[in-house]
Amino acid sequence: MLPGLGVLLVAGDAPLWFTGLALATFAVVLLQHAINLLNDVSDWRLGADVEKFDSWVRVHDEDTRIATLHGLLSALAGTVLGTGLLIVSDRLWILLIAAPMVVLGYLYNAGPRPLSYTFLGEWVTGLCYGPGVFGCLWLLAGLPLAPATGLGALAFAALAMALLLSHQPPQIETDRAAGKHSFAVRYGAQRTRQTARWLTVLFVFSTGIGLVTGDARPATAAVFALTGLAAIVFLWRSPPNPRRILLPSTGIIVASLIVNAM
């Protein structure tokens with residue numbers, strides 16, 4: 001949901017198609033849910049992440065067929081909703097950007113050698129959630145291309161990669177045994193955690209600059225700066241993990257949106 005909220009925040013007072021943005025964000029949630037399911041199935045079959053107690057395969061009583069069907073149905077629902085919005089808004093040309101990203105999301109989990117098991121995994125994640133999700137939501141909302149578009153895409157690419165890296169260190173041994181060449185397997189836990197921190201910093205700074213270039217209200221920019229600085233200090237005082245990155249990042253955006261709405 002955060003890229004959709006990010007579009008709303010960075011756009012500021014610019015007119016946009018709010019209903020379309022909200023529904024498109026929900027379509028992205030459905031597609032992300034599908035990717036999570038199919039990723040759990042792929043990892044389960046290849047022997048990685050088998051220690052995960054919250055795996056969707058475990059939720060479905062270790063039946064990968066049901067988990068796969070669940071994922072495919074969620075992907076179908078997200079695709080139908082997203083495509084329907086493009087048709088209604090007469091913006092089918094956005095599929096030229098979105099379709100390759102959906103294909104990359106599929107290849108991230110598909111086959112005996114998914115992209116998530118190669119050195120490309122982190123880069124694919126950043127590409128899909130930055131230019132892919134944020135960029136397409138920005139265009140669907142009817143906003144024109146501007147410096148804030150690129151800055152927002154960079155910000156959410158960095159955040160997605162930071163989240164991915166932050167969950168890798170505890171899984172280094174099982175990932176290595178399964179033949180997964182994740183960033184943490186290649187460079188170790190310490191460098192992975194430090195990179196996740198810096199990517200989170202990049203998220204905060206890119207979004208902040210996007211706010212300024214988008215003529216954000218001074219109060220909104222001030223709240224974003226203060227909460228962003230607090231989040232960075234918090235992250236530097238403790239080892240990063242997905243929750244310690246995601247919750248403060250959400251807080252920054254939600255607090256800034258509340259102030260912007262006043």
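Keep in mind it's a predicted model, so treat the numbers as computed, not measured.
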Taking all non-hydrogen atoms of both residues, which atom of Trp138 and which atom of Ala148 are closest, and how far apart? CH2-CB, 4.0 Å

In terms of hydrophobic clusters joined by side-chain contacts under 4.5 Å, are Ile87 and Leu137 together? yes

Do Leu246 and Thr250 touch side chain to side chain, with heavy atoms closer than 4.5 Å? yes

Do Leu165 and Val124 share a hydrophobic cluster (ILVMFWY, side-chain heavy atoms under 4.5 Å, transitive)? no

Residue list, side-chain contact (heavy atoms from CB on, under 4.5 Å) with Ala27, at least two apart or on another chain: Leu81

Backbone N or O of Gly188 within a donor-acceptor pair of the Thr192 side chain at under 3.5 Å? yes

Can you measure from CG (Asn260) to CG (Leu9) and round to the nearest 0.5 angstrom? 6.5 Å

Are His181 and Thr118 close enough that some pair of their side-chain heavy atoms sits under 4.5 Å apart? no

If you count every heavy atom of other residues, nucleotides or ligands that lies below 6.0 Å from Gln194 atom CD, does the total exceed 12? yes

With distance as the sole test, does Glu122 use its side chain to make a donor-acceptor pair with the main-chain N or O of Met161 at under 3.5 Å? no

So CD1 of Ile35 and CG of Leu30: to nearest 0.5 Å the spacing works out to 11.5 Å

Is it true that atom CH2 of Trp236 has more than 12 heavy atoms of other residues, nucleotides or ligands lying nearer than 6.0 Å? yes

Close side-chain approach of Trp17 and Leu140, heavy atoms under 4.5 Å: yes

If we ignore hydrogens and angles and just use 3.5 Å, is the side chain of Ser74 paired with the main-chain N or O of His70 as donor and acceptor? no

Would you say Ile232 and Leu2 are hydrophobically clustered, going by side-chain heavy atoms of ILVMFWY under 4.5 Å? yes

Step by step, work out the side-chain contact (heavy atoms from CB on, under 4.5 Å) result for Trp93 and Leu86. CA-CA 8 Å; Trp93 56 268; Leu86 294 178; over 6 Å; no

Working to the nearest 0.5 Å, report the span between CG of Asn36 and CG of Leu31. 11.0 Å

Are Arg244 and Ser166 side-chain neighbours, meaning at least one heavy-atom pair lies under 4.5 Å? no

Starting at CD1 of Ile172, measure out to OG of Ser182 and round the result to the nearest 0.5 Å. 7.0 Å

Quick check: does any side chain N or O of Thr149 sit under 3.5 Å from a backbone N or O of Ala146, one acting as donor and the other as acceptor? yes

Please report the shortest heavy-atom distance between Ile245 and Ala162, naming the atom on each side. CD1-O, 3.7 Å

In short, Gly228 meets Ile252 closest at the heavy-atom pair CA-CD1, 3.6 Å

By ring-ring contact (aromatic ring centres under 6.0 Å, His included), which residues pair with Tyr187, not counting sequence neighbours? Phe183

Which atom of Pro3 lies closest to which atom of Phe134, heavy atoms considered: O-CD1, 3.8 Å

Does Arg186 have more than 12 heavy atoms from other residues, nucleotides or ligands lying within 6.0 Å of its CZ? yes

Quick one: are Arg193 and Pro169 in side-chain contact, heavy atoms under 4.5 Å? yes

When you compare the side chain of Ile97 with that of Pro131, does any pair of heavy atoms fall below 4.5 Å? no

Given side-chain contact (heavy atoms from CB on, under 4.5 Å), test Leu21 with Val7 step by step and report yes or no. CA-CA 9 Å; Leu21 176 61; Val7 168; 4.0 Å; yes

Nearest 0.5 Å please: distance from the CD1 atom of Ile253 over to the CE atom of Met1. 11.0 Å

Joint hydrophobic cluster, Leu202 plus Leu159, side-chain heavy atoms closer than 4.5 Å: no

Which atoms form the tightest heavy-atom contact between Leu85 and Ala24, and what is the distance? CD1-N, 3.3 Å

Compare all side-chain heavy atoms of Thr200 with those of Leu163 and state whether any distance is below 4.5 angstrom. no

Does the side chain of Met101 reach to within under 4.5 Å of the side chain of Leu127, using non-hydrogen atoms? yes

Heavy-atom closest pair, residues Phe224 and Leu211: CG-CD1, 3.6 Å

If you round to the nearest 0.5 Å, how far is OG1 of Thr195 from CG of Leu164? 12.0 Å

Can you get from Phe203 to Phe205 by hopping between Ile, Leu, Val, Met, Phe, Trp and Tyr side chains that sit under 4.5 Å apart? yes

Using side-chain contact (heavy atoms from CB on, under 4.5 Å), reason through Leu143 and Val10 one step at a time and then give a plain yes or no. CA-CA 11 Å; Leu143 295 165; Val10 176; over 6 Å; no

